[in-house]
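Contents: one structure, followed by commentary.
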Amino acid sequence: MTSRGPSGRRTGAVRVVPASVLLLAGSAALAGCGDAGGLESAGPTPTAVGPRTLWPTLPPATRPAEDYSAGDTARVEGVAVPGGDLRRADPVAVVRARLEADPKEYADVMDALGSCDTSGASGCPVLRAYYPDLTGDGKPDLLIAVRAPKRQLYTQVYMYAGGRLTQIMDDKDAVINVQLAGHSLVVRAAADLPGYEYRTSWSYDTHQKAMLPTRDEIIRTGPPGTPTPRPTRSLTPSAAPSPSPGRS
């Protein structure tokens with residue numbers, strides 16, 4: 001709660017003006033108002049206020065309040081990556097290998113994945129793959145989105161290094177769209193508050209060797225009462241994608 005004085009304004013400390021400043025101001029006044037090029041006051045300068053730690057006796061946190069699955073990685077086995085080029089790997093095979101390795105985690109999309117076996121099937125939940133360089137090593141990584149029930153979307157990133165295929169990001173949310181910004185992914189998701197949305201920026205961390213949510217914010221997108229945007233069924237990167245050999 002903010003404390004206010006009797007007039008309704010915030011109370012604050014009195015600024016002390018150095019004597020040298022008063023002397024300079026007096027000299028300028030004696031020079032005359034019409035003296036062009038003289039020093040003029042720009043008004044009071046706001047006092048800089050640094051960060052102040054509140055409740056310094058609080059004990060250190062023992063566990064995070066929310067689980068992003070940030071920093072989690074998983075080795076993907078049994079998927080061919082010809083020449084070490086992820087653009088030549090089958091995105092559906094990558095998703096299937098990851099889902100079969102952890103069926104409980106992806107139980108909501110396992111049945112729908114069967115429709116990917118039929119050429120031209122429209123029910124395949126694996127969307128078109130993209131190949132941005134998210135790790136900054138100059139090689140394409142594999143970005144995949146998998147539709148889930150209730151308009152949820154898995155956003156997954158895979159890297160190939162040292163002869164190993166590794167999942168370095170796995171996020172699930174009510175995604176509006178995904179944007180590519182340099183080496184980062186910006187995931188826009190529906191918020192619980194009408195007229196707002198969540199925007200999470202994921203970037204590769206060289207120490208953790210995984211994509212981490214480096215910035216998470218809630219953004220106002222319209223006046224109060226604005227309907228929450230409905231998640232889209234496609235990604236919208238700012239850069240042109242490479243063709244994908246997988247089916248979507």
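Heads up: numbering here begins at 1 and tracks the sequence.
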| said: Just to verify, what does Arg52 make a salt bridge (charged side-chain N to carboxylate O under 4.0 Å, His left out) with, not counting sequence neighbours? | reply: none

| task | Would you give the length of the straight line joining atom CG of Leu165 to atom OH of Tyr160, rounded to the nearest 0.5 angstrom? | result | 8.0 Å

| request: For Asp133, enumerate each residue passing the salt bridge (charged side-chain N to carboxylate O under 4.0 Å, His left out) test, keeping only those at least two apart in sequence or located in another chain. | output: none

| If two hydrophobic side chains count as joined below 4.5 Å and joins carry through other members, does Val79 share a cluster with Val126? | yes

| said: Among Val95, Val146, Val92, which residue satisfies the side-chain contact (heavy atoms from CB on, under 4.5 Å) criterion with Pro125? | reply: Val146

| Verdict with supporting geometry, Asp216 and Thr200, side chain to side chain donor-acceptor pair (under 3.5 Å) | CA-CA 4 Å; Asp216 190 23; Thr200 305; 2.7 Å; yes

| What's the spacing between Met169 CE and Thr73 OG1 if we round to 0.5 Å? | 14.0 Å

| field | Connected via hydrophobic side-chain network under 4.5 Å: Ile219 and Ile176 | value | no

| query | Are the side chains of Tyr204 and Ile168 in touch, meaning some heavy atoms are under 4.5 Å apart? | reply | yes

| task | Would you indicate whether the side-chain heavy atoms of Asp173 and Leu153 approach each other to under 4.5 Å? | result | no

| With sequence neighbours excluded, residues passing salt bridge (charged side-chain N to carboxylate O under 4.0 Å, His left out) with Arg215 | Glu217

| message | Looking at every heavy atom in both His183 and Gly136, which two are closest together, and how far apart are they? | response | CE1-CA, 4.0 Å

| said: A side-chain contact here means heavy atoms from C-beta on lying under 4.5 Å apart; do Thr214 and Trp202 qualify? | reply: no

| What are the two closest heavy atoms between Met110 and Pro103, and how far apart are they? | CG-O, 4.5 Å

| field | Over all atoms of both residues, closest heavy-atom pair of Cys116 and Arg96 | value | CB-NH2, 4.5 Å

| task | Tell me whether Leu180 is reachable from Leu127 by hopping between hydrophobic residues (I, L, V, M, F, W, Y) whose side-chain heavy atoms are closer than 4.5 Å. | result | yes

| task | Answer yes or no: is there a side-chain heavy-atom contact under 4.5 Å between Tyr158 and Val94? | result | yes

| message | Is the terminal nitrogen or CZ of Arg128 (NZ for Lys, CZ for Arg) located under 6.0 angstrom from the six-membered ring centre of Tyr130 and within 45° of that ring's axis? | response | yes

| request: Could you grab the distance from atom CZ of Arg188 to atom OG of Ser201, nearest 0.5 Å is fine? | output: 13.5 Å

| request: Compare all side-chain heavy atoms of Met211 with those of Leu134 and state whether any distance is below 4.5 angstrom. | output: yes

| query | By salt bridge (charged side-chain N to carboxylate O under 4.0 Å, His left out), which residues pair with Asp108, not counting sequence neighbours? | reply | Lys172

| Pairwise side-chain contact, Leu212 with Ser203, heavy-atom cut-off 4.5 Å (strictly under) | no

| task | Could you tell me whether a side-chain N or O of Asp205 sits under 3.5 Å from a main-chain N or O of His207, the two making a donor and an acceptor? | result | yes

| query | Given a cutoff of under 4.5 Å between side-chain heavy atoms of I, L, V, M, F, W and Y, with clusters grown through shared members, what are the other residues clustered with Val49? | reply | none

| said: Side chains of Val186 and Val178, heavy atoms from C-beta outward: is any pair under 4.5 Å? | reply: no

| message | Strictly distance-based, threshold 3.5 Å: is any side-chain N or O of Thr221 a donor or acceptor partner for the main-chain N or O of Glu197? | response | no

| Which heavy-atom pair separates Val76 from Ala97 by the least distance, and what is that distance? | CG1-CB, 3.8 Å

| request: Verify whether one side chain among Asp141 and Thr135 offers a donor that lies under 3.5 Å from an acceptor in the other. | output: yes

| message | Working to the nearest 0.5 angstrom, can you tell me the gap between Met159 CE and Lys209 NZ? | response | 7.5 Å

| said: Test of understanding: with side chain to side chain contact (heavy atoms under 4.5 Å, CB included), list the residues that count as partners of Tyr106, not counting sequence neighbours. | reply: Arg98, Leu99, Asp102, Val109, Tyr154, Gln156, Gln167, Asp170

